[in-house]
Amino acid sequence: MSVVWKFSVTLRFDFSLFLLCICFANEPCTLVCFHDGVGHPHFQCRTNVHISYRVGLVVMTSLCLYLSRKDFISPSCRNGLRMSCWSGPRSCPSRCAQLAEGRSSVRVTEGMDTETYVWPWCGAADLGKMSSDVCVHSWPCSYYLDLEKRWVSGKLSLTPHSLKFTADRAGEVLMGLPLSSVVAIRKEASHFIFRAVTVLERGHVKHWFGSLRPSRDVVFNIIEHFWRELLLSGQGTGVDVPSSAGTRGQELTGLMCSSQRRLEVTARVLHHQGEQLDSVMRGLDRMESDLDVANRLLTELESPSWWPFRSNFWKRAAEVKPREATSVAGGELCRKEGVMVQVPAVISQRTESHAQPGRLTVLVSALEIHNSSSVLLHRFQREDVDDIKVHSPYEVSIRQRFIGKPDVAYRMISAKMPEVIRILEVQFSKKVQLLGDAAVLGSSGATSSAGQSWPVWPEASGLMGCAAHRELPEGGQEGGQPQLQRAQPPVSEEDTQELMQILSKLKELALDTEAELERQDAALDGISTAVDRATLTMHKHNQRMQRLT
Amino acid sequence: MDNAGKEREAVQLMAEAEKRVKSSHSFLRGLFGGNTRIEEACEMYTRAANMFKMAKNWSAAGNAFCQAAKLHMQLQSKHDSATSFVDAGNAYKKADPQEAINCLNAAIDIYTDMGRFTIAAKHHITIAEIYETELVDIEKAIAHYEQSADYYKGEESNSSANKCLLKVAAYAAQLEQYQKAIEIYEQVGANTMDNPLLKYSAKDYFFKAALCHFIVDELNAKLALEKYEEMFPAFTDSRECKLLKKLLEAHEEQNSEAYTEAVKEFDSISRLDQWLTTMLLRIKKSIQGDGEGDGDLK
């Protein structure tokens, strides 16, 4: 293996010199090593590992360009952000020019030519956010290092915009990525045994997080929730106000839509099944002709014959199970009180091991917790709530005590929690406890999001009247509430249109499904008679063969 | 305890089988007796493999199945050989994905040789899934999915072919090969459009194609949308189409709030899946990137 190129690379943010060696062992496996100023190898990597790019840490876009190789890597930088920025083939020259006002630079020297490339922390804003953002939650877990093929234990922490992994031992950040570059999040098992969450990043780098505590599903739900919120909540928009969360018309449309979707899937499956039945039929035809040949041979030959069929040829088609679209259990549509806020949240009851996605609804006189299929999990009457603990701006737990029975307690994590907390603070003034760092962060979170959540108030107060709202914390005027709902028309014109359309489509689909089912029924009849015939002939042939031997 | 016993027994069987193969080579080469010996060895390998399986020693089981498959090949029973290779692949899958792929490839060669393309296609899918989940080599996975789609098409089972093609398209889009994704979605959409049962899903495919267009270029997305509406009038009424129009409008005005609002409304009715989330996020990013004008590196 020989060193082909050597570059010295200065990283301005930590002023240490790195030496980049590129050794070509053979074409598909090129080694890239980084040495620090003293000559210690810092890390090395093969270029044929799949490489992508991670925002928030250093970028080596230009270097990669300079080296005119397809895939490249970045140097690690030692001030805590060790390695980790991969840059793919997509970097383009115009970007470098654009980045000229950056804060850090990488100088690349090759022989006599020295060129300085300057570029900033990529997405400096992102990084700023990352450090200032409140950590939503962190879990002890282990992370798989692709280069070294081993698992490192540490802590996975999630902020509203990023995800990072810190190793236990050195406290260094081994992985950091903004949620916006996540492509998919999955639950998988490594080696078929260890349950893990994998995060697929742009450019198809897969991060494995194993041995997650308290449980994998919790972590998965929470990460997915925050990822989706990135899309669904803009900077400007605040919380779902009741008007957008749940007119009855929209709820109905939602239900219809989901049943339509299910029915579409059913139709697809049915079609596939139809094709399979057809191919079974074709197979049977072929068998029959083969049996004819055998018949002829048997009559011709009086010697023992060789039987060409095997039992596994008789693959019966899967039984037809017409799966009708299951009608989705209706969430309770008849809600009497005014809804103040409704946010999607990840909910766990007492122990953290059973977190599931769902939503939290703050009503004027109660708090409702629904799971993802809109089934009411629990309803706290306003006066029954004993305390609300705010663990962090994104996490809240609500508890109701019972004498002689275990408490009912729910813990919720949501990206939109800061807004909810503001409302809870007004509604349950004394019962809300800000815990630990949440006390500090809670206030800062609230102020920072004050601009965002502002739109909530005009609308919310428009709904229930400012005065009424002021009085609520004191007395809980139940009398005033039924009026709230009446203000909204139950189903708007637009929604009816939409519903009509979906319903007519559903009907068409159902009819088509029926037609297909009938066709399949006929095909199945044909198949069963054919199978009967074939069995009979086989039986006869067997007898004849026995006589022959 | 029990497992250890099973394993020991299996090792013994393997050794015996090997002996049989050798003996058949040494004196009874080419004779009828040799063949029965090999057949016996085959049987033993399979039994050993099953015992390894019970002991959960997957790579040993895979190895035993492989041996059996090779002997079956010697005996000219191709079908048995292929089945054994598949068994080997299934066993290896749990321990050594690369080896599993080799075995499955061997099985596929045999099946295609015999003209059993549907089964070959099925194993191509298995390989693709291994690449997808175990080895994270999406490009290879895509190649295998495409191959199996071709086979399925050749055997006239279009819905299976479409299933594979849709996978390819989804991955292509994730890898930012939008042109390929668009082509596939359009093709599948056009194929399904006329089928009474499948026409209801066609709108999904057109929606996805248009989204891919959108990421590449806004104007193209508009043209494509018009084209789809012309091709498939039912698309106009769908919520997907309405959403697209709203998004295009928001993008034109560089209004990320309107964009978010539209997406949110759509999501409140039917939940967005991960693929759509990714794509919509990419478009949203382009709005924000332009809006703030900073060097937000892709």
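Residue numbers start from 1 in every chain, and the chains themselves are labelled A, B, ... in the order their sequence lines are given, proteins ahead of strands. Note that the coordinates shown come from a computational prediction; the quantities given were computed from them, not determined experimentally.
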Please list all pairs meeting salt bridge (charged side-chain N to carboxylate O under 4.0 Å, His left out) that have one or both residues in residues 155-170 of chain B, counting only residues at least two apart or in different chains.
none
With a 4.5 angstrom heavy-atom cut-off, is it the side chain or the backbone of [X] that approaches chain A, or both, or neither?
| X | answer |
| --- | --- |
| B:Leu280 | both |
| B:Thr192 | neither |
| B:Asp273 | neither |
| B:Asn158 | both |

With the side chain counted from C-beta on, respond yes when B:Asn162 and A:His272 share a heavy-atom pair under 4.5 Å apart, and no when they do not.
no
Results of ring-ring contact (aromatic ring centres under 6.0 Å, His included) for A:Phe220 - residues two or more places apart only:
none
Which atoms of [X] come close to chain B, meaning under 4.5 Å heavy atom to heavy atom: side chain ones, backbone ones, both, or neither?
| X | result |
| --- | --- |
| A:Thr253 | both |
| A:Ile502 | neither |
| A:Arg261 | side chain |

Ionic contact status for A:Arg519 with A:Glu516, cut-off 4.0 Å
yes
B:His251 and B:Tyr259 aromatic centres sub-6.0 Å:
no
Between chain B and each of A:Glu508, A:Lys505, A:Glu275, count heavy-atom pairs under 4.5 Å; write down the option with the most.
A:Glu275
Working to the nearest 0.5 Å, report the span between NE2 of B:His79 and NE2 of B:His72.
11.5 Å
